[in-house]
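Here the structure is laid out as C-alpha cells; the discussion comes afterwards.
The sequence lines fix the lettering, A, B, ..., with proteins before strands; numbering per chain opens at 1. Since the structure is predicted, the reported quantities are computational estimates derived from the model, not experimental observations.
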2 protein chains.
Amino acid sequence: MHFEFSPIAARDDDIERAAKALKAMSHPLRLKILCGLGENEASVQDIVEYVGTSQSNISQHLGILRDKDILASRKEANRVYYRIGDPRIMHLISSMQEVFCSSD
Amino acid sequence: MHFEFSPIAARDDDIERAAKALKAMSHPLRLKILCGLGENEASVQDIVEYVGTSQSNISQHLGILRDKDILASRKEANRVYYRIGDPRIMHLISSMQEVFCSSD
DNA sequence: TTGGAAAATTAGAGTATGTTAATATGCTGT
DNA sequence: ACAGCATATTAACATACTCTAATTTTCCAA
C-alpha cells in the first residue's frame with residue numbers, strides 16, 4: 001500500500017456518530033426544518049406551515065431529530081417549540097449552506 | 001406566525017441536492033472511505049483493506065458515491081483509483097471533522 | 001490465447017425508512 | 001369537568017437500503 005491514508009483520519013466512533021447525525025439530517029423535510037430554523041425557534045404548527053406537510057408527518061420527523069439530540073424542545077402552554085440544540089450542528093448546517101446554496 | 005423563518009433559508013432545490021449528498025455520505029463505511037481518502041486517491045483494494053469489508057461491498061459503496069458525483073475515478077492498468085471529485089465536498093468533510101472529531 | 005488478479009454487477013433475503021390515516025395525550029379556558 | 005386546540009403515538013403498507021454470495025467483466029502477463 002504505497003499511499004497515505006487518513007490525512008483527515010477519524011476514529012471509528014467519531015465516524016459512527018457523524019454518520020448517525022448526517023443520516024438524521026439527510027431527509028429533505030428534516031433538512032428544510034433545520035435550515036428554516038437556523039438560530040431561531042418555532043412551534044410545531046409554524047413548522048407544519050413552513051414545510052407544508054401533515055402535522056403527524058412533521059411530528060415524526062421532529063421526533064427523529066429530537067431523539068438524535070439535533071433538536072431541543074421547550075413546552076410553553078399548549079405548544080412545543082423546537083430549536084437547534086447543539087451549536088456544532090448549527091455550524092455544520094452553515095457549512096452545508098456554503099457548499100450547497102448558490103445564494104452569495 | 002410571529003417569528004422569523006429562514007435566517008439560513010435555502011431554495012428547495014438546494015435542499016434536495018444537499019439532502020441527497022448527505023444521504024450518500026451518511027453511511028458509516030462510506031463516510032470512512034471519504035475521511036480516509038481526504039485529498040488523496042486510493043485503489044479499490046487499498047480501500048477494501050482500510051475499511052475492512054468485502055470487495056463486493058466496497059465496490060457497491062464506491063458505486064453509490066460515484067453515481068452521486070461525490071467520488072471520481074481513474075483507471076490505471078488493472079486498477080481503479082478513487083478520489084474526492086468535488087472540492088466543495090472536500091470542504092464539507094473538513095467541516096464535519098471539525099464538528100465530530102475530538103482530535104485537536 | 002489462456003490464467004489470474006482487480007473490479008463491477010446481479011440476485012435475493014432481511015431490515016429499515018417514510019407516508020398516511022386514525023387515535024391518543026396533554027393543556028387551556030370556561 | 002368539558003370542549004377544543006396542539007402535539008404525539010400507533011399501525012399498516014410501500015418503498016428503499018444493505019449485506020452476502022455468486023457470477024461477470026476487464027485488463028495484464030506469460
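- Cation-pi geometry between B:Lys75 and B:Tyr81 is not met at under 6.0 angstrom from the ring centre and within 45 degrees of the axis.
- Within the structure, a side-chain polar atom (N or O) of B:Asn57 is placed less than 4.0 Å from OP1 or OP2 of D:dC19.
- As a whole-Å value, the separation of B:Lys68 NZ from D:dA16 P is 12 Å.
- In this structure, A:Lys20 places its NZ atom 17 Å from C1' of D:dC17, rounding to the nearest Å.
- A close approach under 4.0 Å does not occur between any side-chain nitrogen or oxygen of A:Arg79 and OP1 or OP2 of D:dC5.
- Judged by distance alone, the side chains of B:Glu98 and B:Ser94 never bring a donor and an acceptor atom under 3.5 Å apart.
- The two atoms that bring A:Pro28 and B:Glu16 nearest to each other are CB-OE2, 3.8 Å, heavy atoms only.
- Under 4.0 angstrom from either OP1 or OP2 of D:dA6 there lies no side-chain N or O belonging to A:Lys75.
- For A:Lys23, a side-chain nitrogen or oxygen approaches OP1 or OP2 of C:dT17 to under 4.0 Å.
- Residue B:His61 places at least one side-chain N or O under 4.0 Å from the OP1 or OP2 atom of D:dC19.
- Side-chain atoms of B:Ile64 lie closest to D:dT18 of the nucleotides D:dT18, C:dT20, C:dA8.
- A:Ser54 comes within contact range of no nucleotide atom at all, as no heavy-atom separation falls under 4.0 Å.
- When heavy atoms are screened at a 4.0 angstrom cut-off, B:Gln45 is found touching the sugar-phosphate backbone but no base atom.
- Between B:Met25 atom CE and D:dC17 atom P there is a gap of 16 Å when expressed in whole angstrom units.
- The interatomic distance linking A:Glu76 (CD) with D:dA6 (P) rounds to 14 Å, in whole Å.
- The distance between atom CD of A:Gln55 and atom C1' of C:dA24, rounded to the nearest whole Å, is 12 Å.
- In terms of heavy atoms, B:Ile93 sits closest to B:Cys35 at CG2-SG, 4.2 Å.
- Following rounding to the nearest Å, B:Leu65 (CG) and C:dA7 (C1') show an atom-to-atom distance of 16 Å.
- You'll find a donor-acceptor pair under 3.5 Å spanning the side chain of B:Gln60 and the base of D:dT20, going by distance alone.
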- Passes side chain to side chain contact (heavy atoms under 4.5 Å, CB included), B:Arg30 versus B:Met25? Steps please. CA-CA 6 Å; B:Arg30 294 199 287 270; B:Met25 296 193 285; over 6 Å; no
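- In this structure, A:Leu62 places its CG atom 13 Å from P of C:dT19, rounding to the nearest Å.
- With DNA chain C read from its 5' end, the first of the two nearest nucleotides for B:Ser59 and A:Leu29 is the one closest to B:Ser59.
- Side-chain atoms of A:Ser56 come within donor-acceptor range of the base of C:dA21, with a qualifying N/O pair under 3.5 Å.
- A side-chain N or O of A:Tyr82 and one of A:Arg66 form a donor-acceptor pair less than 3.5 Å apart.
- A close approach under 4.0 Å does occur between a side-chain nitrogen or oxygen of A:Tyr82 and OP1 or OP2 of D:dA8.
- Nearest to the side-chain atoms of A:Asn78 among the listed nucleotides C:dA8, D:dA8, D:dC5 stands D:dC5.
- Rounded to whole Å, atom C1' of D:dT7 lies 15 Å from atom CG of A:Asp67.
- Listed pair A:His27 / C:dT19 meets the phosphate criterion, a side-chain N or O lying under 4.0 Å from OP1 or OP2.
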